[in-house]
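Structure record follows, encoded as structure tokens.
Quantities reported herein were computed from a predicted structural model and do not represent experimental measurements. A note on names: the letters A, B, ... follow the listed sequences, proteins ahead of strands, and every chain is numbered from 1.
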Amino acid sequence: MTISAVKKGDELTIQIEGRFDFYCLQDFRKIYEENGKCGTYVLDMAKTDFLDSSALGMLLTLRDYAGGDSAKITIVNASDDIKKIISVTKLDELFKVM
Amino acid sequence: MPDNYKKLLGIPGTMSRDTTVFWMNFDAYAILIRIKLVNKKTEDLFFVFSKYHEILRELKGFRNTQELIDFVREYFSKSIDMPIELDYHCIEKNSSVKHVSCFQESGDDIAHPESGDKFCVSSLIELDSFCYIASDLVYPEYLDENISRKIVGSLSKNLNEDQTSKVSIVFSEMFNNALDHGVLGIPSVLKDNTSGFEEFINARRSALAVSQDGVISIEVKLNFLKESELPTAVFLSVMDNGGGLVELDRSLSEADRKKYHGRGLKLIQHLSKEIGVDELGKRIYVVL
């Protein structure tokens, strides 16, 4: 698992490579906290090959950090499997999935 | 257990750390083969487990018991760089015995194996319908962060991509529930806030570091149609000896949707064709 981020202006793009699970929490939190609050967030899941229920919880920690209901977070390049997981757990109502 | 599960589970077989049951359709009804390892390290047992998988793939075409025994003996002696002992027990074809019980353990019994063995790996192969069962008992000493991944890894050789992806999510959710809540007794509410997530991880690590009384029993069955390459059904069961769950019908309310936890069962339910929990809430089983 590798988590990296690129900041452009007020937009932070976080790339998650490999397994996104329980054990990514510290890295994931560190990366968005290090970059301070941004206006928009993009989660690039092009290289994410596994995502479990703890990872979904972590997405929500980011959402709350970014302002809760006013947070602007977009998930991009997710595989069909991951999209399915997001919609089954109704998270597509809280995140924009493209 | 509903009738359709009974059918899928098939005949109860003997489960033990190093015993494989070969259900035969020629001169014997079943042959139980036990490989004894001198060094019983976890890695070695996983290795034996993976060898059983390989043998399974080469099983077709044996004409009698002796051929199979010779094959297994040679296979292990070639591939394991350590002394092994092999013994076996035959059940005659005309025998009325259907539930084989020898080499100490049997059926769903999760008694500790003798002689301080801490990890059980075994498999059951039913030649008639090409079914395969693996049953593992995972003892606390071996409960680590990678076990669920290792088990899915060894299973994935028999599955296609779609099946592997479902199995890996469902299995890891089932296993983590059993480990976190069943064996370690860590409540999900810890995850109610951001820092709680970290507390949860820390609680899990420190709980794993001290010895636990818990045990997790895992059962896997792949149903194959004759001559088919891929299983038509995957049966997974995970049981722990903790307090038990489980509210299966829980739906995600508006408020729940923003919580940091509580999605595992939802995922399992969605990805499974069938799901069930035993009366005590200690065992959850799914069909994918």
- Heavy-atom check, side chain of K90(A) versus side chain of K266(B), under 4.5 Å: no

- Task: Step by step, work out the side chain to side chain contact (heavy atoms under 4.5 Å, CB included) result for R263(B) and V88(A).
- Result: CA-CA 9 Å; R263(B) 291 179 188 80; V88(A) 167; over 6 Å; no

- Message: For T13(A), give me all partners under side chain to side chain donor-acceptor pair (under 3.5 Å), at least two apart in sequence or on another chain.
- Response: none

- Under a 4.5 Å heavy-atom criterion, the part of residues 32-45 of chain A in contact with chain B comprises Y32(A)

- The side chain to side chain donor-acceptor pair (under 3.5 Å) partners of K258(B) (sequence neighbours excluded) come to D69(A)

- Message: I'd like to know which of D81(A), L25(A), I85(A), D49(A) tops the heavy-atom pair count under 4.5 Å against chain B.
- Response: L25(A)

- When heavy-atom pairs shorter than 4.5 Å are enumerated against chain B, which of E93(A), K84(A), R19(A) gives the highest number? R19(A)

- Message: Please classify the contact of S168(B) with chain A as side chain, backbone, both or neither, using a heavy-atom distance under 4.5 Å.
- Response: both

- Query: Among residues 51-66 of chain A, which ones touch chain B with a heavy-atom distance under 4.5 Å?
  - Reply: L51(A), D52(A), S53(A), S54(A), L56(A), G57(A), M58(A), L60(A), T61(A), R63(A), D64(A)

- Item | Portion of K259(B) that has a non-hydrogen atom of chain A nearer than 4.5 angstrom | backbone

- Query: If you measure from OG on S165(B) to CZ on F50(A), what distance do you get to the nearest 0.5 Å?
  - Reply: 9.0 Å

- Got a sec: does the NZ of K30(A) have more than 12 other heavy atoms crowding it under 6.0 Å? no

